[in-house]
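A short worksheet on the structure shown next.
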There are 2 protein chains.
Amino acid sequence: MPSAPHPRPRGPKPTRVDPDQILDAAQAVFAQDGLRAASLRAIARHAGCDPALIYYHFDSKEALFEALLGRRFPGVLREVKELSDDRDLRPASVRLWDVLLIYHRHLKDDPGIRSMIRGEIVRGAEGLTHLIEEQIRPITTCVRRIVEQGMARGELRPDLQPLLVTFFLVKMQLEILDVLPVVLPRLMDLPPDEAVRIGMKTWFDLFWRGVALDPSAPLPSPPDPVI
Amino acid sequence: MPSAPHPRPRGPKPTRVDPDQILDAAQAVFAQDGLRAASLRAIARHAGCDPALIYYHFDSKEALFEALLGRRFPGVLREVKELSDDRDLRPASVRLWDVLLIYHRHLKDDPGIRSMIRGEIVRGAEGLTHLIEEQIRPITTCVRRIVEQGMARGELRPDLQPLLVTFFLVKMQLEILDVLPVVLPRLMDLPPDEAVRIGMKTWFDLFWRGVALDPSAPLPSPPDPVI
DNA sequence: GATCCAATTCAACGGGTGTTGAATCATCAG
DNA sequence: CTGATGATTCAACACCCGTTGAATTGGATC
């Protein structure tokens with residue numbers, strides 16, 4: 001009485017789906033739900049294909065996420081590395097502000113990766129931990145180098161812990177991207193973009209006063225209008 | 001041939017488990033896995049009882065978490081509220097530092113609640129969002145009041161956004177509690193407790209220089225030895 | 001000892017998950 | 001047209017989840 005257990009006609013609408021579309025869908029779903037909660041079925045639905053197809057292009061859910069990392073971090077690293085070149089003699093304030101802009105540009109649309117950076121995954125998926133570290137460490141090392149150059153050039157206080165200063169600078173930037181656009185519009189009436197803009201400006205102003213040898217040094221102009 | 005479908009002897013070792021033990025177990029498991037990933041079965045295992053017993057004492061997983069909130073936040077609020085009394089005429093630096101100490105004292109052993117504050121849950125469980133807001137809002141409001149008093153008394157820069165300053169202060173404290181004890185021991189060789197201690201000291205030093213009208217005002221002494 | 005009640009466990013339900021093997025389709029070479 | 005090959009889907013497996021109702025226990029009361 002149940003439906004006949006015979007092989008039925010299969011595969012009705014096989015429109016081509018290339019791996020990039022799957023990555024896009026994965027990014028969208030991971031962004032909303034995080035790695036753990038995001039389901040392959042949801043990603044497949046988003047990409048307009050069958051969950052099994054994901055396994056044709058990627059080895060596992062973890063590998064899919066890994067591929068996502070690979071398409072985001074190298075760009076950040078490249079720009080920050082270039083910025084940390086010690087032949088760059090611009091004021092430390094300008095260069096550190098540029099760090100925030102780079103973070104903003106690459107990560108503003110990717111809460112999935114941000115939530116991973118902030119440790120949601122670090123605590124959960126053990127296998128990914130070292131992979132994440134591998135991707136993040138070089139980036140923060142470059143930022144740290146900028147701080148150290150600033151100290152050596154007499155622009156920043158000589159009594160700083162470069163590691164901690166770097167941590168403070170970039171960590172708060174991530175929190176600004178994550179929290180302010182959600183919270184600030186409810187408390188003051190601001191559009192989310194403006195919340196991030198004001199947050200970044202205020203944060204850097206406070207940060208710079210904290211680390212500069214001469215806090216009255218002129219600050220960079222506000223973020224790009226693109227923000 | 002399968003085992004007889006008859007009622008079998010049930011309930012072999014009913015040692016008493018009071019609700020507090022369940023809350024303790026829940027706190028431990030939520031701490032490691034977060035609300036979403038933590039399973040009632042794991043909590044029950046941890047508490048040495050059956051998952052169903054949890055439903056005897058609590059209405060649902062959500063209610064269990066709610067009870068956990070109720071055991072943590074009121075203490076923080078009480079202390080911060082007391083601290084924000086406008087008859088407290090101690091220097092703003094001392095009072096804001098006390099804010100960090102209160103956060104440290106109440107939250108250092110509770111990564112579960114911290115990860116909730118930081119938004120892991122805010123994005124996920126819709127029902128809990130407003131509940132969390134209800135608990136957190138009054139606390140940050142008190143801190144904000146301290147900032148505003150500091151501005152009014154001419155101790156803090158008059159051009160500050162009290163809301164953002166408050167956000168920066170407490171948000172970074174949470175990140176310090178979460179991240180530094182894990183990361184710093186791997187980079188420099190420090191015991192986790194010392195990492196938090198140095199992190200707090202360095203952060204408040206930077207923060208204070210950033211917000212104070214006269215950053216050379218004497219800073220409070222380092223954290224309690226209890227830390 | 002019998003009765004009652006609160007505390008606890010058992011077993012199952014329905015649903016969601018990551019993953020896989022076999023079946024189907026689309027397309028292009030010969 | 002035939003075959004081969006890569007892309008895609010179907011259907012299922014085994015597992016874990018939150019939750020529930022009925023069964024069982026331990027202990028106090030009568």
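These numbers come from the heavy atoms of this one structure, side chains and all, not from hydrogens, waters or symmetry mates. To find a chain, count down the sequence lines: A is the first, B the second, and so on, and within it residues start at 1. Fair warning: this is a prediction, and the values are worked out from it, not measured in the lab.
- Between C:dA7 and B:Y56, a contact under 4.0 Å exists linking OP1 or OP2 to a side-chain N or O.
- The nucleotide whose nearest atom lies closest to any side-chain atom of B:K61 is, among D:dT9, C:dT9, D:dG18, D:dG18.
- Among the duplex regions that DNA chain D forms, those built from at least three successive Watson-Crick or G-U pairs under 3.5 Å are C:1-30 with D:1-30, ordered by first number.
- For the pair B:D50 CG and C:dA11 P, the interatomic distance rounds to 10 Å; values are reported in whole Å.
- Evaluation of the salt bridge (charged side-chain N to carboxylate O under 4.0 Å, His left out) rule for A:D86 yields no partner, not counting sequence neighbours.
- In this structure, B:A42 reaches neither bases nor backbone, as no heavy-atom distance under 4.0 Å exists between it and the strands shown.
- Side-chain atoms of A:R41 and base atoms of C:dG18 include a donor and an acceptor less than 3.5 Å apart.
- Summary of the strand contacts: A:R45 and B:L53 both lie near DNA chain C, and taking for each the nucleotide with the nearest heavy atom, the more 5' one is attributed to B:L53.
- Looking at heavy-atom distances under 4.0 Å, A:A38 makes contact with sugar-phosphate atoms alone, never a base.
- Atom CG in B:L40 sits about 11 Å away from atom P in D:dT20, given to the nearest Å.
- A:E62 has its CD atom 13 Å from the P atom of C:dG18, to the nearest Å.
- With sequence neighbours excluded, no residue forms a side chain to side chain donor-acceptor pair (under 3.5 Å) with A:Q161.
- The nearest whole Å value for the distance from the CG atom in B:D18 to the P atom in C:dA6 is 18 Å.
- To the nearest angstrom, P of D:dA7 lies 11 Å from CD1 of A:I22.
- In this structure, the CZ atom of A:R36 is 16 Å from the C1' atom of C:dG16, given to the nearest Å.
- One atom, CZ of A:F30, and another, C1' of C:dT17, lie 13 Å apart when rounded to the nearest Å.
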Where do B:Q135 and B:R72 land on the side chain to side chain donor-acceptor pair (under 3.5 Å) test, with the steps shown first? CA-CA 10 Å; B:Q135 306 258 14; B:R72 188 60 72 171; over 6 Å; no
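- The pair A:R78-A:E82 fails the salt-bridge criterion, with no side-chain N (NZ, NE, NH1 or NH2) lying under 4.0 Å from an Asp/Glu carboxylate O.
- Side-chain contact between A:L187 and A:V183 is present, with heavy atoms from C-beta onward closer than 4.5 Å.
- The pair B:D24-B:R71 meets the salt-bridge criterion, since a charged nitrogen lies less than 4.0 angstrom from a carboxylate oxygen.
- The distance from atom NE2 of B:H57 to atom P of C:dA7 is 6 Å, rounded to the nearest whole Å.
- Taking every heavy atom of both residues into account, A:H106 and A:G75 meet most closely at NE2-C, 3.8 Å.
- Listed pair B:S39 / D:dC16 fails the phosphate criterion, with no side-chain N or O lying under 4.0 Å from OP1 or OP2.
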